[in-house]
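Heads up: the structure comes next, in structure tokens.
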Amino acid sequence: MTGGCSIVWFRRDLRVEDNPALAAGVRSGKVIPVFIWAPEEEGHYYPGRVSRWWLKQSLSLLDSSLKNLGTSLITKRSSDSVSSLLDVIKSTGATQLFFNHLYDPLSLVRDHRAKEILSENGIIVRSFNADLLYEPWEVLDDEGRPFTTFAAFWERCLSMPYDPEPPQLPPKRIISGDVSKCPSDTLVFENESEKGSNALLSRAWTPGWSNGNKALTAFINGPLLHYSINRRKADSATTSFLSPHLHFGEVSVRKVFHQARIKQILWANEGNKSGEESVNLFLKSIGLREYSRYMSFNHPYSHERPLLGHLKFFPWVIDEGYFKVWRQGRTGYPLVDAGMRELWATGWLHDRIRVVVSSFFVKVLQLPWRWGMKYFWDTLLDADLESDALGWQYISGSLPDSHELERIDNPQIEGYKFDPNGEYVRRWLPELSRLPTEWIHHPWNAPEFVLQAAGIELGSNYPLPIVKIDTAQTRLQQALTQMWQHEANSRAVLENGIEEGLGDSTDDTPIAFPQDMQMETEQDNLGNRVTTTIRHYEDQMVPSLTVTTSLFRGTEQEEEEEEESSTDHRNGGHDDRRAEVPDDDDMNLESGREGIQSVIPQFNNQIDLRNINGGGGGSHSPAESSSGTSFRRERDGVMVPVWSPGNSDTSSYLQRHPQSHQVINWRQLSQTG
DNA sequence: TGTCGGTTGGT
DNA sequence: CCAACCGAC
């Protein structure tokens, strides 16, 4: 209660309301709110342009709110958050650090380290739950193990013996600590060339926690009622638009949950079945967000590697040309192309269309899913590592409850489902705007005179399908056969006693991917030479956004690959081509495997986050949280993640799903050859 | 009002 | 694949 001054370390909890770390700081006395911008720590997942734009706005609004309450946000530019925290502590004399939990793999490691180092320095460190209804370690099955399917997980969440914490009001006043010796750094979130593009974003979006609350209120009192009816429409006017707010923690998910629940009770009492169902469906999407954190916590590799191990044997098509065509929205499938153009133009995509384009990516083009995930990361306004990883894993059939890999959704049929009148396609594909609805989702079947009347010349101003669906289906079958064979071979090798210990962190599979490829050298739009190199690799490669040098002051990433830095000059040319689609100059290739190790080397060791807490009594076992209806959580950060290394083993994950359709399919495939 | 096939949706 | 749903008997 007394004495020292505390640092409240803001990250993706950019709100003053229902912010347990901030509340704890206020309770304990003087507060210094700090935000540290250390993008180098994110490795591959350096935030994309639109995401950085959002963050910039959000921080500025948070700062004004804090100023109204009596303090202000200290901002630090850093390449190492923990040492920056130590600097702030030294220059302010703070004695405590409070922050809210994050669950992405990088944060789990960094925050663990922060707790360790700061505790060693005599700082009291406490962390809290601000991002979830329940902490991942609270939600366990009857045997005390983490759930491995969504439905069971969510059912348990909805029937926990205690409700999620009700949202807290913002503090009335914050007493500021002494920051006279702790100047803020100016944070640069966009370069000159990005400013023009970003200016457009502010017409459509208003970041910040108070705007997030407005969006929530508007949604709850508006589209929520008809959510169940409208959710199939590609036309995104009926979604909540809360995801970017939730990603940055501007809106408390618990507030969202409580408000939706209140509506649900109201509608249930009125006998409004459709409204009640709408809330269920909306809450389910909140549940998926919860589940993404849950999966990330329990399987901290899920953004890099498939949960079900067989997928690493899938012979991905390593084709940059396909990848480019997909990004540019020139696949010849109108629904896919419209989605990709919308994504590029706005940073936004309706959930359904995300599924369409990503499933096309994986199943028709058979490109490595991590490429697609990375592109989403770079372009989505609500890019969110955990959610996106879950989504792509679901799409690519590597979750026990996901879509089957061999089932290709036909974009033509999906088109008439989600965009029955073709309005969405016409909005984003002006070249098809005069095509009648009858042909809008399959122009390749349209009679010549229809195309002529619509001013379309297939293969010229709109492409023919890049891959026919039945061709894709055949290719996919072959690929799957190959995958299961490789998987079986690998299993045989493992059973013969080859080492297994490294398996989880390094993908040292005896069966290497066969692809060695020669990338061609080509010119990008601006006449820069784009050079890619011959590469051998055993895992899928991940093209990564070449980081804009002007945003970096500190050290370059310690990738030993010269190509990485040699491509940097290309960024100079990455300008304001807003109306255009992304081009290759955004991307370069690097081996995912080296990437993994350089980003999160700690995962090669066993990690245990137990009891780093300064608060005493902090150790917390899963059994404790699941036992007893009288159990009541404290908000005071006494609980810390207990992160069992065993859980992150994908082979055990597979073992827990002997009935999964993947295994059944494997048997079928082996029989048929 | 039951149940049978076909269809649809599914994290 | 499998459950839920729907319309036809």
Side-chain angles (χ1 to χ4, degrees), chain A residues 103 132-133 136 139 146-158 227-234 239 243 246 273-274 277-278 280-299 302-303 306-308 310-311 335 349-359 361-363 369 372-373 376 382 384-420 473 476-477 480 484 653 656-672:
Chain A
Y103 309 90
L132 294 174
L133 301 176
V139 186
F147 288 97
T148 56
T149 55
F150 171 71
F153 163 81
W154 187 231
E155 195 185 342
R156 175 57 56 92
C157 286
L158 292 175
Y227 192 79
S228 64
I229 302 161
N230 289 327
R231 88 205 136 98
R232 305 182 88 234
K233 301 251 178 74
T239 59
S243 55
L246 283 168
K273 284 272 180 272
S274 132
E277 183 55 20
S278 282
N280 278 336
L281 283 165
F282 172 66
L283 289 181
K284 192 171 128 185
S285 67
I286 296 294
L288 285 166
R289 180 182 175 282
E290 298 272 311
Y291 191 55
S292 72
R293 271 89 179 132
Y294 187 79
M295 292 300 269
S296 179
F297 177 79
N298 286 309
H299 311 281
S302 57
H303 67 307
L307 258 322
L308 294 180
H310 60 264
L311 211 75
L335 187 65
L349 213 46
H350 189 286
D351 183 49
R352 292 284 157 155
I353 306 302
R354 294 183 195 203
V355 173
V356 169
V357 300
S358 55
S359 142
F361 184 93
V362 169
K363 300 184 182 194
W369 63 272
M373 192 181 111
F376 270 24
D382 60 355
D384 181 282
L385 197 54
E386 297 95 308
S387 291
D388 292 348
L390 184 69
W392 282 88
Q393 296 243 1
Y394 164 64
I395 287 310
S396 56
S398 62
L399 297 169
D401 46 358
S402 64
H403 270 165
E404 274 171 75
L405 191 46
E406 45 264 79
R407 177 154 141 188
I408 293 182
D409 294 313
N410 189 328
Q412 175 185 340
I413 294 164
E414 307 266 282
Y416 286 105
K417 265 192 238 165
F418 304 139
D419 182 31
Q473 188 70 63
L476 186 58
Q477 271 323 322
L480 287 168
W484 292 117
Y653 191 84
R656 289 186 56 185
H657 290 279
Q659 310 301 345
S660 77
H661 50 72
Q662 284 84 355
V663 175
I664 291 162
N665 289 337
W666 170 69
R667 291 204 193 98
Q668 288 168 344
L669 282 164
S670 330
Q671 279 160 16
T672 53

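Here is the naming used below: chain letters follow the sequence lines, and residue numbers restart at 1 for every chain. This is a predicted model, so every value here is computed, not measured.
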### Task
Tell me whether A:Tyr394 is stacked on the nucleobase of B:dT11, counting only the six-membered base ring and applying the 5.5 Å and 30° thresholds.
yes
### Task
Send over the distance from A:Trp154 CH2 to B:dT11 C1', rounded to a whole Å.
13 Å
### Task
Write down the distance between CZ (A:Arg354) and C1' (B:dT11), rounded to a whole number of angstrom.
14 Å
### All ring pair (Phe, Tyr, Trp, His ring centres under 6.0 Å) counterparts of A:Tyr227, not counting sequence neighbours
A:Phe219, A:Phe282
#### Entry: Separation of C:dA4 P from A:Leu281 CG (nearest whole Å)
15 Å
### Task
Apply ring pair (Phe, Tyr, Trp, His ring centres under 6.0 Å) to A:Phe418 and list each qualifying residue two or more places apart in sequence or on a separate chain.
none
### Query
Who pairs with A:Asp409 by side-chain hydrogen bond (donor to acceptor under 3.5 Å, both in side chains), at least two apart in sequence or on another chain?
none
### Query
Would you call the rings of A:Tyr291 and A:Tyr294 parallel, tilted or perpendicular, where under 30° means parallel and over 60° means perpendicular?
parallel
### Query
Listed by chain and number, what are the side-chain contact (heavy atoms from CB on, under 4.5 Å) partners of A:Ala151, not counting sequence neighbours?
none
### Rounded distance (Å) that lies between atom P of C:dC2 and atom CD of A:Glu404
9 Å
### Query
To the nearest angstrom, how far is A:Leu399 atom CG from B:dT11 atom C1'?
7 Å
### Message
If the condition is side-chain contact (heavy atoms from CB on, under 4.5 Å), which residues does A:Lys417 pass it with, not counting sequence neighbours?
### Response
A:Arg232, A:Ile413, A:Glu414
Could I get a table of every N or O pair under 3.5 Å where one atom is in the protein and the other is in nucleotides 7-9 of chain B?
unit_1: B:dG9; atom_1: OP1; unit_2: A:Arg232; atom_2: NH2; d: 2.4

### Message
Distance check needed: C:dA4 P versus A:Glu277 CD, whole Å only.
### Response
13 Å
### Message
Between C1' on B:dT11 and CG on A:Asn280, what's the gap in Å once rounded to a whole number?
### Response
16 Å
### Query
A:Leu480 CG to C:dC1 C1': how many Å, rounded?
15 Å
